[in-house]
Amino acid sequence: MDVLSRLLAAVAGGYLAATAVAMAVAALWPGPRAEGVMAATLLSFALYAGAVMWAFAARRARSAWFGLLAVAAAGALLARLLP
């Protein structure tokens, strides 16, 4: 059950975290919008890989879920607050 929870955290939580941070990076990018979207998309691949590693490296599945959802919430809030 622990491995299944970590797998779901890696897939779903990693996707949410990478997407939320990518939206925030795209909104914060100082250059043209297309370049910001491209940079955020490229960054999201690295973030997703890091999230998968984090999900399986955490001591408990609960801390993996909490860490990934906290990053996702912070990125989504930042992306929402920016114009």
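Fair warning: this is a prediction, and the values are worked out from it, not measured in the lab.
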Listed once per pair and sorted, the salt bridge (charged side-chain N to carboxylate O under 4.0 Å, His left out) pairs that draw on residues 3-27, sequence neighbours left out: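 Residue pairs with at least one partner in residues 3-27: D2-R6.
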Give the other cluster members for Y48, using side-chain heavy-atom distances under 4.5 Å between Ile, Leu, Val, Met, Phe, Trp and Tyr residues; answer none if it is isolated. L7, V11, Y15, V52, F56
For residues 63-83, please give each side-chain donor-acceptor pair under 3.5 Å, one per line with the distance, not counting sequence neighbours.
from : atom 1 : to  : atom 2 : distance (Å)
S63  : OG     : R60 : O      : 2.8
W65  : NE1    : S5  : O      : 3.2
W65  : NE1    : S5  : OG     : 3.0

Considering only distance and modelled atom types, tabulate donor-acceptor pairs under 3.5 Å from the side chains of residues 29-47, sequence neighbours left out.
from : atom 1 : to  : atom 2 : distance (Å)
T41  : OG1    : V37 : O      : 2.7
S44  : OG     : T41 : O      : 2.6

